[in-house]
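Shown next, in structure tokens, is the structure this report addresses.
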Amino acid sequence: MPIERVFVAGAGLMGHGIAQVHGTIGKRVVLYEPELARAEAGRDRIAGNLERAVAKGRLAAAERDATLARIEATDDLDRVAGADLAVEAVFEDVEVKTALWARLDVAAPEAAIFASNTSSISIDRLAEAVGEGRRARFIGLHFFSPVPVMPLIELVRGSATSDETDVAVRALAAELGKQVIASADRPGFIVNRILMPFLAEAMRGYEEGLGSADDIDAGAKVGLNHPMGPLELADFIGLDVCLGIMRVLQEGLAHEQFRPPGVLERLVEAGHLGQKTGRGFHTYPRGDLSNSGGAS
Ligand code: CAA
């Protein structure tokens, strides 16, 4: 069954981007948050992204308008009743995700595919929240931020995921112009299994005074040709999100390299979550305070 109508739960960093890319390729999108203002803020963010593309001459104004017209913000979870695909992109917490999936399972059509954008949590664990019949149509589809820019999707099958579901989401990924990699249903999947020890080691180095945040980041940017240094990338992803992923990795794999650094725990406890709160390892907008003193 082709996927034409998409329900996206969560309008934050990932959710708004996921809604945008589906709207861009002509899908009808409903963007859900329990508070309407947050769903609308996600849609406004999409409007801002599209506006920048128009200003750069990369998108026609008519295309921007048509894309926005296909994306509706809602606080009504029952709107999933009209969806071929529900994508969940809410906070990386197993309780939050399973509670939402259980409600969606009741309201969604039987044939709808359920895709979690979880970055680390087991798909089988999340699929326990839905009825047995749905589990064949339950899959992990992990996007990367910024979603309109990053051309990768990690596809994670649970033990009950059917071949039909796999085929349908791969066809969708092709429409989106994203490359698919398949990961086993293991903690952190492929990308975060590689990324998080790198970020954690940069944090531990920072904590022990190995170098300033700017110098650690410059080491990766200038010396390794990475687009962002590890500390600014962590700030960009969200320090609470990084901490959540590291905890899942540590619990699931029990390697010392996944242990969340103390400095990360302290920043999150203090509410310094990175770009979204204006402060993490750096301060934002960049350059208004010492870029190397954000975490001190
Ligand atoms: N939303 C939409 N588009 C964006 C954007 C955003 N938030 N940020 C940048 N862009 C677009 C710009 O509009 C620009 O588009 P054009 O080429 O069409 O003009 C393009 O991206 C490049 O942007 P800039 O020139 O402004 O900036 P840049 O060259 O410094 O690139 C970046 C910005 C793409 C974010 C780059 O720094 C980068 O690739 N960083 C690494 C990102 C990364 O590693 N992401 C994965 C994180 S891990 C994850 O998401 C998964 C997880 O589970 C934690």
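Remember, it's 1-based here, ligands and their atoms both numbered in the order they're listed.
Electrostatic pairing of E4 and R28 does not count as a salt bridge here, judged by no charged N lying under 4.0 Å from a carboxylate O. Salt-bridge annotation for E256 and R259: present, with a side-chain N of the basic residue lying under 4.0 Å from a carboxylate O of the acidic one. Classification of D240 and K276 as a salt-bridged pair holds, one side-chain N sitting under 4.0 Å from a carboxylate O. A salt bridge links R157 with D163: the distance from a Lys NZ or Arg NE/NH1/NH2 to an Asp or Glu carboxylate oxygen falls below 4.0 Å.
Checked against E232 for a side chain to side chain donor-acceptor pair (under 3.5 Å), the options Q275, R286, H226 give a single hit: R286.
Side-chain contact, D235 with Y284: a donor N or O sits under 3.5 Å from an acceptor N or O.
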Is there any protein N/O under 3.5 Å from an N/O of ligand 1, and what does the full list of such pairs look like?
{"residue": "ligand 1", "atom": "13 (O)", "partner": "K56", "partner atom": "NZ", "Å": "3.1"}
{"residue": "ligand 1", "atom": "18 (O)", "partner": "R58", "partner atom": "NE", "Å": "3.2"}
{"residue": "ligand 1", "atom": "18 (O)", "partner": "R58", "partner atom": "NH1", "Å": "3.3"}
{"residue": "ligand 1", "atom": "19 (O)", "partner": "K56", "partner atom": "NZ", "Å": "2.7"}
{"residue": "ligand 1", "atom": "19 (O)", "partner": "R58", "partner atom": "NE", "Å": "3.4"}
{"residue": "ligand 1", "atom": "45 (N)", "partner": "S145", "partner atom": "O", "Å": "2.7"}
{"residue": "ligand 1", "atom": "50 (O)", "partner": "S145", "partner atom": "N", "Å": "2.9"}
{"residue": "ligand 1", "atom": "53 (O)", "partner": "H142", "partner atom": "NE2", "Å": "2.8"}
{"residue": "ligand 1", "atom": "53 (O)", "partner": "N192", "partner atom": "ND2", "Å": "2.9"}

